[in-house]
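See below for the structure under consideration.
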Amino acid sequence: MSKLIDDFGRHIEYVRLAVTDRCNLRCQYCMPAHGIPIVPKRELLTFKEMYRLIRVLTELGVQKVRLTGGEPFVRKDFVGFLEMLSYNDLLEAINITTNGALISHHISKIEQLEKVKNINLSIDSLNREKFAKITRRDVFPEVYKTFELLEKSSLNLKLNVVVQSGFNTNEIVDFVRLTKDKNVAVRFIEEMPFNGKGQRKMEENWTLKKILNEIKTEFDVSEIESEKSSTSRNYAIENHIGTIGIIPAFTRTICNDCNRIRITSTGTFKNCLFDDGVFNLRDFIRKGASNDDLKALFLSLVKEKPKNGFIAEANRKAGSVSESMSTIGG
Ligand code: SAM
Ligand code: SF4
């Protein structure tokens, strides 16, 4: 069976699929206060189209899918889609990234779905007012409730914290403290300029090195071995149940082992977060492409995967990165 292998020998085993471009929050580092123009519904992939794309990809060696957005739970019957995807016997794991504001009542159902293993919950502050400033919505109590329910659930929980100069850098150690008694992986993400047209100016770049130095002001950390294709560098702290990680999303030191491709909610295939879209899969399948056509297409598309995110960015036709993460599927 043919497998997806790029020109640098990287095996593609993970697809990140944005199930919608819509979102109930307006995080300042992701989109402007008034949101971004949403695409008409007919331009979004249907769940059936998504199922089919994932099925074909798993026949080419993809083992894991991460469902993201926008906010995945904003899409009607997203939980039904999780069930539908679970029928794909070639898929090992279905992971989800969510802001957690709409999901507390879905958790027990999700726990029953064997393939759904990991949930990444985005939470950038532990302070209600600050959280509201960052997300421009006052939903901290609900998100925190989700956090507590997920922590007690059978799902593996990771917290995503985008480190934002001038907002939450003074909370880095508070987040690390959470790992003392909670079985959670807290991952700090370098902020990237994907904010839907430069609404937010980063005052200072909080790089992996800077974040790590901040953590070391209070904690002794030791690096732990991570899976080769891990997006984060991970650390343990003595006597802490949980772990911490840092995602060098902007400094891009993890590209050598990248095993990922992306599909946006409108069906654009992306080889890299920083490229500007390589192919419109939606139009291809709506024009009648067969599964064999799709396979041949995927096999050739991944050959164009750039060596790293800097090269992908330099090759962009659409100018510098400014699109919202909610349209790319972060
Ligand atoms: N709405 C869901 C959420 O917030 O978890 C899923 C989509 S969101 C685009 C996925 C992840 O991308 C979140 O953890 C979010 O914090 C992160 N993100 C969005 N914009 C970002 C940016 N400009 N820089 C770094 N991370 C960003
Ligand atoms: Fe919505 Fe997630 Fe973007 Fe925040 S980061 S605006 S929750 S898509």
Side-chain angles (χ1 to χ4, degrees), residues 16-39 65-75 78 95-103 106 118-125 131-140 142-143 146-147 150 157-169 175 185-208 211 231-232 245-252 254 260 262-265 270 273-274 309 313 320-330:
R16 299 178 74 111
L17 172 66
V19 299
T20 181
D21 62 338
R22 275 79 161 157
C23 189
N24 50 328
L25 307 188
R26 295 285 178 272
C27 302
Q28 53 146 1
Y29 51 77
C30 182
M31 55 170 84
H34 49 82
I36 48 159
I38 53 169
V39 300
V65 61
R66 173 165 299 280
L67 302 174
T68 177
E71 171 50 37
F73 288 87
V74 162
R75 182 116 185 208
F78 173 64
N95 303 329
I96 305 169
T97 303
T98 175
N99 63 39
L102 304 169
I103 80 163
H106 290 304
N118 302 296
I119 304 243
N120 289 6
L121 175 69
S122 301
I123 179 166
D124 298 321
S125 174
F131 186 92
K133 242 187 199 159
I134 292 171
T135 62
R136 303 191 182 101
R137 297 288 184 271
D138 184 20
V139 291
F140 179 75
E142 181 57 23
V143 173
T146 297
F147 167 42
L150 285 173
L157 174 63
K158 292 181 182 168
L159 299 187
N160 281 357
V161 182
V162 177
V163 178
Q164 300 151 65
S165 58
F167 278 86
N168 61 357
T169 53
F175 275 107
V186 174
R187 287 124 37 92
F188 299 101
I189 308 178
E190 290 177 349
E191 184 176 358
M192 297 176 284
F194 291 103
N195 56 17
K197 287 255 178 292
Q199 299 293 309
R200 172 173 149 73
K201 292 261 175 295
M202 278 188 263
E203 289 158 27
E204 209 183 348
N205 258 336
W206 274 70
T207 59
L208 179 141
I211 297 168
T231 50
S232 55
I246 306 178
I247 303 182
F250 194 58
T251 50
R252 287 164 257 182
I254 45 172
R260 290 172 292 281
R262 292 164 190 270
I263 299 175
T264 71
S265 58
K270 283 169 72 78
L273 178 61
F274 287 86
E313 191 174 0
S320 61
V321 293
S322 65
E323 59 270 43
S324 164
M325 277 290 260
S326 65
T327 59
I328 308 172

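Indexing begins at 1, ligand by ligand and atom by atom, following the structure's order.
Against a heavy-atom cut-off of under 4.0 Å, Asn160 is close to the following atoms of ligand 1: 14 (O). For ligand 1, the atoms sitting less than 4.0 Å from at least one non-hydrogen atom of Gly70 are 1 (N), 2 (C), 6 (C), 7 (C), numbered in the order shown with element in parentheses. Near Glu191, the atoms of ligand 1 lying under 4.0 angstrom from a non-hydrogen atom of the residue are 24 (N), 25 (C). Set against the non-hydrogen atoms of Thr97, the atoms of ligand 1 under 4.0 Å away are 2 (C), 5 (O), 6 (C), 10 (C). Near Glu190, the atoms of ligand 1 lying under 4.0 angstrom from a non-hydrogen atom of the residue are 25 (C).
For the pair Cys27 and ligand 1, no heavy-atom separation below 4.0 Å is found. For the pair Gly69 and ligand 1, a heavy-atom separation below 4.0 Å is found.
No part of Asn120 comes within 4.0 Å of ligand 1, judged by heavy-atom distances.
Considering both main-chain and side-chain atoms, Asp124 never comes within under 3.5 Å of ligand 1 through any nitrogen or oxygen pair.
Ranked by closest heavy atom to atom 2 (C) of ligand 1, the top entry among Arg16, Arg22, Glu71, Gln164 is Glu71. Across Ala18, Cys23, Ala101, Ser122, heavy-atom proximity to atom 14 (O) of ligand 1 is greatest for Ser122.
Evaluation of the side chain to side chain contact (heavy atoms under 4.5 Å, CB included) rule for Ser265 yields Ala18, Asp21, Leu44 as partners, not counting sequence neighbours.
Around atom 4 (Fe) of ligand 2, protein atoms of type N, O or S found under 2.8 Å number 1.
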